[in-house]
Amino acid sequence: MSKIVFITGATSGFGRAAATKFANEGWALVITGRREERLKTLADELSKLVPVHYQTMDVRDKNQVIAAVDALPEAFKNITCLINNAGLALAPEPSQSVDLDDWHTMIDTNVKGLVSVTHALLPTLIKVGNGTSIINVGSIAGSWPYPGSHVYGATKAFVKQFSYNLRCDLQGTGVRVTDLAPGIAETEFTLVRTKGDQAASDALYQGTRALEAQDIANTMFYVATLPDHININRMEVMPTDQAWSSFAIHRQ
Ligand code: NDP
Ligand code: 8X3
C-alpha cells in the first residue's frame with residue numbers, strides 16, 4: 001500500500017511544492033486549500049503519477065475540517081504524514097497600527113486551524129502508528145523577534161510549543177512530530193502579507209538568494225522518510241544569505 005500525505009495549503013508555495021515532491025516519490029496525496037481551481041489543476045497534473053484526492057477546506061472553520069477528514073475516500077483514509085502548512089502573515093506594520101481583524105485572522109489560521117486539522121487526524125495517525133509524522137510548519141519568527149512580527153511570530157511560537165507538547169502525549173504511539181521552521185522563502189507569502197503589493201514582495205526578495213519552495217518540500221520529505229525510530233523535534237532552515245542582526249537601541 002502506498003504512503004499517503006495530507007497537505008494543508010497545497011494551492012501555493014511550500015504546500016504545492018510538497019505535493020509535487022511527494023508525488024514524484026510515489027506517495028498518494030490528499031491536497032487541501034481554499035482555492036478549488038488551483039487544487040483541481042494540481043490534482044489533474046499529479047494524478048498522472050499517483051492517486052490524488054483534493055478537497056477545498058478553510059482551516060479556520062472546524063466543521064469544514066472535520067467534514068473533510070470524515071469524507072476521505074477509503075483509499076485515502078490511512079494517512080501516513082500530515083503536513084500542517086496552511087498559514088499566513090498579515091499586517092507588516094507595527095502593533096499599534098494593526099487592524100485587530102488581521103491579528104485574529106492569523107490566530108484563527110495558524111493556531112486554531114492547525115490544531116483543528118491535527119485533532120481531526122490524530123486518531124488516524126495513531127491507528128496507522130509507526131513511521132507516521134506530523135510536520136508542523138513553524139517559522140524562524142517563532143523564535144526570533146523582529147519589528148512587525150507581533151502576532152505572526154507569536155502564532156509560530158505556539159506551533160513550536162504545541163509540537164513539543166504533542167510529542168510528550170504521543171510517546172509510545174509511533175507518531176512523530178516536527179516543528180519545521182523556515183527562514184525567508186520566496187512564495188506568495190509576502191504578497192499575502194502586504195495584501196497584494198507585488199512591488200513590496202519583489203523588493204524583499206531582490207538581490208538575495210531566498211529559500212525556494214522546493215527546498216522546504218525536500219526537507220519535509222526528508223523528515224517524513226527517516227527511519228521510524230528517528231524524530232526530528234525542530235528543524236530551522238535559513239538561506240545562507242540570512243542571519244541574525246544586532247539589538248536595536250533607541251537613543252534620545
Ligand atoms: P503561500 O502564501 O504561498 O501559501 C500559503 C498556503 O496557505 C496557500 O496554499 C493557502 O491556500 C493556504 N491557506 C492560507 N489560509 C488558509 C485557510 N484559511 N484555509 C486553508 N488554507 C489556507 O505561503 P508559503 O508557502 O510561504 O506559506 C506556507 C507556510 O509556511 C505558512 O504557514 C507560513 O507561515 C510558513 N512560512 C513561510 C515562510 C516564507 O518566508 N515564505 C517562512 C517560514 C514559514 P488558499 O489561499 O488556497 O486557502
Ligand atoms: C516567514 C519568515 O522571516 O518573514 O515566517 O518571519 S519571516
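Order of appearance sets the numbers: ligands from 1, and atoms from 1 within every ligand.
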Do the charged groups of K195 and D99 touch, with an N to O distance under 4.0 Å?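 So K195 does not pair with D99 through a salt bridge.
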For [atom], find the nearest protein heavy atom and state the residue, atom name and distance (0.1 Å precision).
atom: atom 21 (N) of ligand 1; answer: A86 CB, 3.5 Å
atom: atom 1 (P) of ligand 1; answer: S12 OG, 3.5 Å
atom: atom 26 (O) of ligand 1; answer: T187 OG1, 2.6 Å
atom: atom 5 (C) of ligand 1; answer: G87 O, 3.8 Å
atom: atom 2 (C) of ligand 2; answer: S139 OG, 3.7 Å
atom: atom 35 (C) of ligand 1; answer: V137 CG1, 3.7 Å

Does T11 approach ligand 1 within less than 4.0 angstrom via side chain, backbone, both or neither, non-hydrogen atoms only?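 Within the 4.0 Å criterion, T11 contacts ligand 1 through backbone and side-chain atoms alike.
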Once you restrict to heavy atoms under 4.0 Å, what part of E186 touches ligand 1? Side chain, backbone, both or neither.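 Near ligand 1, E186 shows nothing, with every heavy atom at 4.0 Å or more.
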Atoms in ligand 2 flagged as close to R193, the criterion being non-hydrogen separation under 4.0 Å: 4 (O)
Closer than 4.0 Å to some heavy atom of F189 - which atoms of ligand 2 meet that? 1 (C), 4 (O), 5 (O)
Any N/O pair [X]/ligand 1 closer than 3.5 Å:
X: F14; result: yes
X: A185; result: yes
X: R35; result: yes
X: G9; result: yes
X: R34; result: yes
X: P182; result: no

Go through ligand 1 atom by atom and flag the ones less than 4.0 Å from a non-hydrogen atom of [X].
X: Y152; answer: 33 (C), 34 (O), 35 (C), 36 (N), 44 (C)
X: E188; answer: 2 (O), 3 (O)
X: D58; answer: 17 (C), 18 (N), 19 (N)

Is there a donor-acceptor contact under 3.5 Å from the side chain of N110 to the main chain of L88?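 Side chain of N110 to backbone of L88, a donor-acceptor pair under 3.5 Å: yes, one is there.
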Contact between K156 and ligand 1, counting heavy atoms under 4.0 Å?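 So K156 counts as touching ligand 1.
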I'd like to know if G138 contacts ligand 1, where contact means a heavy-atom distance under 4.0 Å to any ligand atom.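 The answer is yes, since G138 has a heavy atom less than 4.0 Å from ligand 1.
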If you measure from CZ on R176 to CD1 on I230, what distance do you get to the nearest 0.5 Å?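 Nearest 0.5 Å value for the CZ-CD1 distance: 8.0 Å.
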